[in-house]
There are 2 protein chains.
Amino acid sequence: MVSDSSAVGEQGREIPDATVARLPLYHRALISLHRSGASTVSSEELATAAGVNAAKVRKDLSYFGSYGTRGVGYDVGQLLEEIRNDLGLQHPRNCIVVGTGNLGAALLSFGGFKDRGFAVVAAVDVDPARVGTTIGGIRVGHQDDLAGLVEANDVAIGLLTTPPVAAQQVADELVAAGVRSILNFAPTVVEAPEDVVVRHVDLASELEILAFHEGRREPIAPAS
Amino acid sequence: MVSDSSAVGEQGREIPDATVARLPLYHRALISLHRSGASTVSSEELATAAGVNAAKVRKDLSYFGSYGTRGVGYDVGQLLEEIRNDLGLQHPRNCIVVGTGNLGAALLSFGGFKDRGFAVVAAVDVDPARVGTTIGGIRVGHQDDLAGLVEANDVAIGLLTTPPVAAQQVADELVAAGVRSILNFAPTVVEAPEDVVVRHVDLASELEILAFHEGRREPIAPAS
DNA sequence: TGTTGTGAAATTGTTCACAGCC
DNA sequence: GGCTGTGAACAATTTCACAACA
């Protein structure tokens with residue numbers, strides 16, 4: 001679902017995609033444990049806090065090195081720091097929102113990214129009625145200023161929240177402006193060069209997966 | 001990431017989770033093809049439209065039966081109907097939004113669910129300032145009315161957009177009210193009984209996965 | 001003693017490649 | 001001739017289970 005990765009760990013091993021997808025869960029759990037004052041945590045406890053199992057936690061962490069102490073567990077502060085580094089969050093990453101409809105506006109107003117290491121620093125739209133307005137403290141620029149805003153704000157990640165018909169063109173513009181990470185909320189496939197990572201969030205797809213399981217539970221409607 | 005499934009296809013075979021996760025992509029692609037007037041589609045074309053490969057398309061569809069014609073491809077209308085049924089979307093599913101902050105409000109105003117077979121029909125919040133207001137045509141009820149609204153509106157799916165601290169309690173209330181499918185946007189683990197399916201959307205996690213790949217591309221900052 | 005780190009086994013998912021059919 | 005449907009080969013991921021060790 002994500003483009004091919006050939007990520008390599010400290011020890012020169014490849015990091016499996018499945019492991020990368022779980023790092024944020026550990027990150028989140030560790031932030032919470034750190035706040036609550038815990039100093040050490042076992043793989044079992046971390047697993048519970050992250051919603052996975054202990055074997056996965058140990059195997060996943062082992063790709064990055066040995067940070068635990070046998071018989072004791074992991075140092076919360078040290079492991080949090082280590083995972084932050086593994087995730088490339090030594091410094092905050094700047095994001096731009098393209099498209100300021102319902103979802104785009106919500107992303108601009110949403111404060112939950114900051115403590116995870118991200119800042120939404122710019123936004124653009126094609127609608128003249130929206131250009132110049134301020135949402136969540138960010139002034140909405142014109143679509144044509146995209147490249148300039150990316151450059152001026154050192155933007156690393158594009159959040160694509162336009163209607164589906166515009167998505168591919170916006171993605172092309174983001175890539176041309178130097179953005180190499182795109183989170184696409186538009187319900188359509190978006191193509192990009194190999195070195196650009198495009199991830200996809202489709203809320204309707206999530207609902208459909210739930211509906212699938214709903215459908216399996218219901219008795220078949222009586223025939224005749 | 002999703003609770004254990006033991007879904008069984010028409011032929012009595014189990015449907016792999018990976019296949020279920022791709023059905024929405026085929027659904028989306030087929031809706032688009034159907035609109036554009038295509039009458040048949042090959043596995044290769046459908047694969048391109050859905051962003052996967054042709055072998056996956058054929059294998060996935062084969063779990064539900066043989067709906068293609070060798071040498072020709074699949075009938076777009078018939079396959080669309082079949083997938084809609086496989087997904088349990090013979091009738092629309094009703095959803096309730098719990099928590100009407102930035103994201104909750106966006107979900108209430110978002111129109112993109114309707115053509116995928118879902119309707120947001122109710123919303124609740126704990127904040128008295130929000131209760132009684134109307135967002136996206138839906139009147140916001142009080143949290144205490146959750147069970148009543150679920151019952152009155154035949155709600156099948158709960159969209160959980162509260163702050164993390166409230167998420168588990170809200171999930172418990174949804175389950176008590178009879179909801180067995182939950183889409184959790186709060187960045188925390190939510191527990192539920194085995195027969196309840198909880199899926200998770202964490203936007204910050206998606207950004208972190210992008211950051212991981214960003215970090216791998218950058219040269220290590222020069223030491224000294 | 002308690003918990004990590006990790007090979008090996010088991011499971012799940014993907015791709016190949018081709019027989020079967022239109 | 002072209003495309004589906006599917007067993008069989010292959011690859012990725014998860015889980016087991018236990019040696020290593022603070």
Side-chain angles (χ1 to χ4, degrees), chain A residues 1-23 25-26 30 38-76 78-79 82-83 209, chain B residues 1-23 25-26 30 38-76 78-79 82-83 86:
Chain A
M1 199 135 290
V2 166
S3 64
D4 294 359
S5 71
S6 51
V8 170
E10 303 291 355
Q11 273 63 40
R13 287 167 294 189
E14 300 272 331
I15 310 292
D17 282 349
T19 293
V20 173
R22 281 189 295 266
L23 291 181
L25 304 182
Y26 305 145
L30 285 165
S39 64
T40 64
V41 65
S42 68
S43 61
E44 193 67 48
E45 292 164 334
L46 181 51
T48 300
V52 302
N53 67 46
K56 264 182 205 153
V57 169
R58 294 201 299 275
K59 189 66 74 212
D60 286 343
L61 296 182
S62 77
Y63 289 112
F64 298 96
S66 301
Y67 297 98
T69 306
R70 289 165 205 241
V72 178
Y74 302 88
D75 180 276
V76 171
Q78 185 193 331
L79 188 57
E82 171 60 27
I83 285 192
I209 295 168
Chain B
M1 201 137 289
V2 167
S3 64
D4 295 0
S5 69
S6 51
V8 169
E10 303 290 357
Q11 274 62 40
R13 286 167 293 189
E14 301 271 332
I15 311 293
D17 282 349
T19 292
V20 174
R22 281 189 294 266
L23 291 181
L25 304 181
Y26 306 145
L30 285 166
S39 64
T40 63
V41 65
S42 68
S43 60
E44 193 67 47
E45 292 164 334
L46 181 52
T48 301
V52 303
N53 67 47
K56 264 182 205 154
V57 168
R58 293 201 300 275
K59 179 74 87 184
D60 286 342
L61 296 182
S62 77
Y63 289 113
F64 298 95
S66 302
Y67 296 99
T69 306
R70 290 164 204 242
V72 178
Y74 303 88
D75 180 276
V76 171
Q78 185 192 331
L79 188 56
E82 171 60 27
I83 286 194
D86 296 336

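All figures in this text were calculated on a predicted structure; none of them were measured in a lab. Chain letters run A, B, ... following the sequence lines, proteins first, then strands; residues in each count from 1. Hydrogens, waters and symmetry mates play no part in the numbers below; they use all other heavy atoms, side chains included.
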Measure the distance from [atom1] on [X] to [atom2] on [N] and round it to the nearest whole Å.
{"X": "A:Arg58", "N": "C:dG2", "atom1": "CZ", "atom2": "C1'", "result": "11 Å"}
{"X": "A:Gln78", "N": "C:dT4", "atom1": "CD", "atom2": "P", "result": "14 Å"}
{"X": "B:Tyr63", "N": "D:dT4", "atom1": "OH", "atom2": "C1'", "result": "15 Å"}
{"X": "A:Phe64", "N": "C:dT6", "atom1": "CZ", "atom2": "P", "result": "14 Å"}
{"X": "B:Glu82", "N": "D:dG5", "atom1": "CD", "atom2": "P", "result": "11 Å"}
{"X": "B:Glu45", "N": "D:dT4", "atom1": "CD", "atom2": "C1'", "result": "14 Å"}
{"X": "B:Glu44", "N": "D:dG5", "atom1": "CD", "atom2": "P", "result": "15 Å"}
{"X": "A:Asn53", "N": "C:dA10", "atom1": "CG", "atom2": "P", "result": "18 Å"}

task: Kindly check if the number of other-residue, nucleotide or ligand heavy atoms within 6.0 Å of CD (B:Glu45) is above 12?
output: yes
- request: Could you check A:Val72 against A:Asp60 and say which one's nearest nucleotide on DNA chain D is further toward the 5' end?
  value: A:Asp60
Which heavy atom in [X] sits nearest to a heavy atom in [Y], and how many Å separate them?
{"X": "B:Ala47", "Y": "B:Asn53", "answer": "CB-C, 3.5 Å"}
{"X": "B:Ile83", "Y": "B:Leu23", "answer": "CG2-O, 4.1 Å"}
{"X": "B:Leu46", "Y": "B:Val41", "answer": "N-CG2, 3.6 Å"}
{"X": "B:Tyr74", "Y": "B:Gly68", "answer": "CD2-CA, 3.4 Å"}

message: Nearest to the side chain of A:Ser62, heavy atoms from C-beta on, is which of C:dT6, C:dC18, D:dA22?
response: C:dT6
message: The side chain of B:Ser43 is closest to which nucleotide in this list: D:dT15, D:dT4, C:dG5?
response: D:dT4
What's touching nucleotides 8-13 of chain D from the protein side, N or O pairs under 3.5 Å?
none

message: For a quick check, tell me whether the side chain of A:Arg70 and the base of C:dT4 share a donor-acceptor pair closer than 3.5 Å.
response: yes
Audit row: B:Tyr26, B:Glu82, side-chain contact (heavy atoms from CB on, under 4.5 Å) steps and yes/no: CA-CA 11 Å; B:Tyr26 306 145; B:Glu82 171 60 27; over 6 Å; no
query: Between A:Leu61 and A:Leu79, is a side-chain contact (heavy atoms from CB on, under 4.5 Å) present by the stated rule, with each step listed?
result: CA-CA 9 Å; A:Leu61 296 182; A:Leu79 188 57; 3.9 Å; yes
query: OP1, OP2 of C:dC22 versus side-chain N and O of B:Tyr74: anything below 4.0 Å?
result: no
